[in-house]
Amino acid sequence: MVNPWGEFKRDVCRALEAALSKLGWQPPRPLEETLAEPPDPKLGDLASTICFDLAKSLHKSPTWLMAELSKALEPAGLIARVEVVGNYLNFFVDVQKLTELTLRAVEEADEEYGHLKVSRGKAVIEHTSVNPTKPLHIGHGRNAVIGDTMARILRALGYEVEVQNYIDDMGRQVAETLLANQLIKRKPRAKFDHVLGLIYADMHRRVRQEAELEARVREILAELERGKGRWVTMAKRLTQRCVKANLETTDRLGVSYDLLVWESDIARSGMLDETLERLKAINRVVEGTGDRAGTLILRLADFGIEDKVLVRSDGTAVYTARDIAYQLWKFGQTKSGLRFKLHSKRPDGTKTYTTAQRGKSVAKFGRAGKVINVVGAEQRFPQQVVSTALRALGLERESQNSYHLAYEHVWLPSGRFSGRKGTWVGFSVDDVVEEAVARAHTVVKEHAPKATERFWRKAAEFVGVGAVRYSLLSTSPEKKIVFKWEEALNFDRNSGPAIQYSHARACSILRKAKRRGGKHPIDVFKLPEERRLVKLLSKFPEVVREAGEKLQPYLPALYAAELALGFNKFYEVAPVIEAETPQLCAARLRLVNCVRITLRNALDLMGIAAPERM
RNA sequence: GGGCCCGUAGUCUAGCCUGGAUAGGACACAAGCCUGCGGAGCUUGCGGCUCGGGUUCAAAUCCCGACGGGCCCGCCA
């Protein structure tokens, strides 16, 4: 798969390497690290600051080194020429070669452009993983969008990706919700997950005040732990219904799952005991003493990690214990297995499976080479315990391939979200998407007054969803987001809809052009706006690669906004259909088509629709 | 007490990992383009690296110390 900008970088490195060896100088560090983009394209397309490094290692003046090095450099491949400015070595890309290479790469690869297929491994991504007792609020939305986008990026890079959604159907929240469901007769009328969220908040307040209710919650919890009895049956029914409602929400966002993993199925699989036995066998798990008597403690002090209780004195396991076992299973490193059956189908055609007691035991799930857990940043410590436990078990490779994609939470202007206090009301993903779509409906109608209601509805849906997804994705995950309606509903320049709009505009030009194709000289593009676009297009595969390697799913969002902006500027100064010559027209049509393809591919990576009209 | 993350114009944000030339973009505000292949547009202006020290030829970036915000260090969930 062609990676035009990557090739230019490689050519620069090769030229540098050749020049250095000609002079008999050792490269002081990887050559790629000395490359940077000059602040002004007039200075060049890539700059190397290598002479500063050489000055240190060879004890010569940078100016002298630059003179020698530039004499020894021979431009080759995509390099047009090299200039020395100050102590910078500035490489200019051969615009014509880059243009031809890029346009051809985009046209030929089409929907595959940017898909580098650098890996053949399997990656498991766990995301969403919301307690099955409430609706998703916008913070859960951030998790789901980050995870879903990451999955799309890794697929583009050639990974076989399996998305798992972990469902804790045995936690205290389930117990309290079951009690609420039984005791609260007058239930609010709403979508099932919303009903549960509301009655849970109500019940939680009462449980804290009434000791008798607290005792009943504990009874229920104990029964869920034992896995037998009517509460277990009721829990199953209630959580199933809730998950179904949650999936309606994520379906609307365009988020898909390959597998739902239920805590109760993991609990009955025996993999927890198996994991504890293995850790005991290497003396990593010991019995607690003093005020921790009766517990089992994981010792990782020699890895610089504090002791962690895995099993409580009442014999129940803490979350981290289950997380270790689950992580081992994701890597195919447990003897105990799970059983699966088909759960449902997503609108995009994905078949979602679920773990199940009476399912089939099939080998296709788990067995990953790389595991990414999209989990809140506050869980850094337990996530570190998990990967270190793998290392302690001698699974060095698995430990190194365990990634915690940590993200900070979404806050309300008034503070944190709280399921217990019910502060999510009005800020559920359902509410926000509904509002965004309603707002989009008004805007779409203004812009296409002659269209049909059917068109407005359809357009409003992908514009609204696009705005929400983009706003959740575009901030880098380690930054806290304070939810503001004007940002979630942003249709301005830096937004999902703005990118969709640029795409639709490109489509419109291509539609109006009577004929495509036709020959043109390779040096047609004279305008800086044209050249800038070509350069941007050539960088897309590099963006996808970096996003995958560094687990930074927001990079395609930033890139797409930049490309859309670059296209708008081109559009303003460069008539396409009415271009001065037929050759220029043909060339610009090619360029517009390549922008269209790349914008669409970038939107695809973000799970945002790329409409031809809006 | 120990540790982790964040701090960039009035607001939001990129750059920090891998130090490099004039810190990139959006919103808001002000002025302009005046309907052109879709104005959800373009152009211009305004304004910024929390503070103090250190390392370096060079610091938004690395190190130390403050300050502000958040989080973790539970047999909680």
For B:C6 and B:G45, measure between their C1' atoms and round to the nearest Å. 32 Å
By centroid distance (under 5.5 Å) and plane angle (under 30°), are A:Tyr571 and B:G41 in a stacked arrangement? no
Take atom CD of A:Glu225 and atom P of B:A77, then tell me their distance rounded to the nearest Å. 11 Å
I'd like a table of atom pairs between the protein and nucleotides 42-49 of chain B - only N or O on both sides, under 3.5 Å - with the distance next to each one.
from: B:C42; atom 1: OP2; to: A:Arg493; atom 2: NH1; distance (Å): 2.8
from: B:C42; atom 1: O4'; to: A:Glu572; atom 2: OE1; distance (Å): 3.3

Are the side chain of A:Arg216 and the backbone of A:Leu179 linked by a donor-acceptor contact shorter than 3.5 Å? no
Every protein N/O within reach of nucleotides 20-23 of chain B N/O, cut-off under 3.5 Å:
from: B:G20; atom 1: O2'; to: A:Tyr88; atom 2: OH; distance (Å): 3.2
from: B:A21; atom 1: O4'; to: A:Tyr88; atom 2: OH; distance (Å): 3.3
from: B:A21; atom 1: N6; to: A:Asn90; atom 2: OD1; distance (Å): 2.9
from: B:A21; atom 1: N1; to: A:Asn90; atom 2: OD1; distance (Å): 3.3
from: B:A21; atom 1: N1; to: A:Asn90; atom 2: ND2; distance (Å): 3.2

Output a table of nitrogen or oxygen pairs between the protein and nucleotides 10-15 of chain B separated by less than 3.5 Å.
from: B:A14; atom 1: OP1; to: A:Ser476; atom 2: N; distance (Å): 3.2
from: B:A14; atom 1: OP1; to: A:Ser476; atom 2: OG; distance (Å): 3.2
from: B:A14; atom 1: OP2; to: A:Lys479; atom 2: NZ; distance (Å): 2.7
from: B:G15; atom 1: OP1; to: A:Tyr554; atom 2: OH; distance (Å): 3.2

Give the rounded distance in Å between these two atoms: CG of A:Leu599 and C1' of B:G38. 15 Å
Taking A:Ser508 for the side chain and A:Ala504 for the main chain, is one N or O donor matched with an acceptor at less than 3.5 Å? no
Which nucleotide, B:C75, B:A77, B:G41, lies nearest any side-chain atom of A:Val318? B:C75
What parts of residues 404-418 of chain A reach RNA chain B, counting only heavy atoms under 4.0 Å away? A:Trp411, A:Arg416
Would you please name every residue forming a side chain to side chain contact (heavy atoms under 4.5 Å, CB included) with A:Phe381, sequence neighbours left out? A:Ile305, A:Lys308, A:Val385
Just checking A:Val576: base, sugar-phosphate only, or nothing, at a heavy-atom cut-off of under 4.0 Å? base
Partners meeting salt bridge (charged side-chain N to carboxylate O under 4.0 Å, His left out) with A:Lys280 (sequence neighbours left out): A:Glu277
Which ranges of RNA chain B pair up as stems, where a stem means three or more consecutive Watson-Crick or G-U pairs with both distances under 3.5 Å? B:1-7 with B:67-73, B:10-13 with B:24-27, B:29-33 with B:41-45, B:50-54 with B:62-66
Assess the side chains of A:Asn143 and A:Tyr407: does a donor N or O sit below 3.5 Å from an acceptor N or O? yes
Tell me every residue that passes side-chain hydrogen bond (donor to acceptor under 3.5 Å, both in side chains) with A:Arg613, counting only those two or more places apart in sequence or in another chain. none
Only pairs under 3.5 Å count here: list side-chain donor-acceptor contacts from residues 556-580 of chain A, not counting sequence neighbours, and write none if there are none.
from: A:Tyr559; atom 1: OH; to: A:Leu536; atom 2: O; distance (Å): 2.6
from: A:Asn568; atom 1: OD1; to: A:Ser502; atom 2: OG; distance (Å): 3.2
from: A:Asn568; atom 1: OD1; to: A:Arg505; atom 2: NH1; distance (Å): 3.3

Which is true for A:Asn490 with a 4.0 Å heavy-atom rule: it touches a base, it touches only sugar-phosphate, or it touches nothing? nothing
Under a 3.5 Å distance rule, please check whether A:Trp262 uses its side chain to pair with a backbone N or O of A:Met170 as donor and acceptor. no
Contacts under 3.5 angstrom, residues 50-58 of chain A side chains, donor-acceptor by atom type, not counting sequence neighbours:
from: A:Asp53; atom 1: OD1; to: A:Arg29; atom 2: NE; distance (Å): 3.2
from: A:Ser57; atom 1: OG; to: A:Asp53; atom 2: O; distance (Å): 3.4
from: A:Ser57; atom 1: OG; to: A:Leu54; atom 2: O; distance (Å): 3.3

Can you tell me if the side-chain N/O atoms of A:Arg505 get under 4.0 Å from OP1 or OP2 in B:G39? yes
So, is A:Thr295 near the phosphate of B:C75, with a side-chain N or O under 4.0 Å from OP1 or OP2? no
So what does A:Tyr501 touch, heavy atoms closer than 4.0 Å: a base, only the sugar-phosphate, or nothing? base
Donor-acceptor list for residues 410-423 of chain A side chains, cut-off 3.5 Å, not counting sequence neighbours:
from: A:Arg416; atom 1: NH2; to: A:His409; atom 2: ND1; distance (Å): 3.4
from: A:Ser418; atom 1: OG; to: A:Arg420; atom 2: N; distance (Å): 3.3
from: A:Ser418; atom 1: OG; to: A:Lys421; atom 2: N; distance (Å): 2.9
from: A:Thr423; atom 1: OG1; to: A:Ser418; atom 2: N; distance (Å): 2.7
from: A:Thr423; atom 1: OG1; to: A:Ser418; atom 2: O; distance (Å): 3.4

Solution key, residues 287-303 of chain A side-chain donor-acceptor pairs under 3.5 Å, sequence neighbours excluded:
from: A:Thr295; atom 1: OG1; to: A:Arg292; atom 2: O; distance (Å): 2.6
from: A:Asp302; atom 1: OD1; to: A:Arg284; atom 2: NH1; distance (Å): 2.8
from: A:Asp302; atom 1: OD2; to: A:Arg284; atom 2: NH2; distance (Å): 2.9

Would one find a side-chain N or O of A:Arg380 under 4.0 angstrom from OP1 or OP2 of B:C4? no
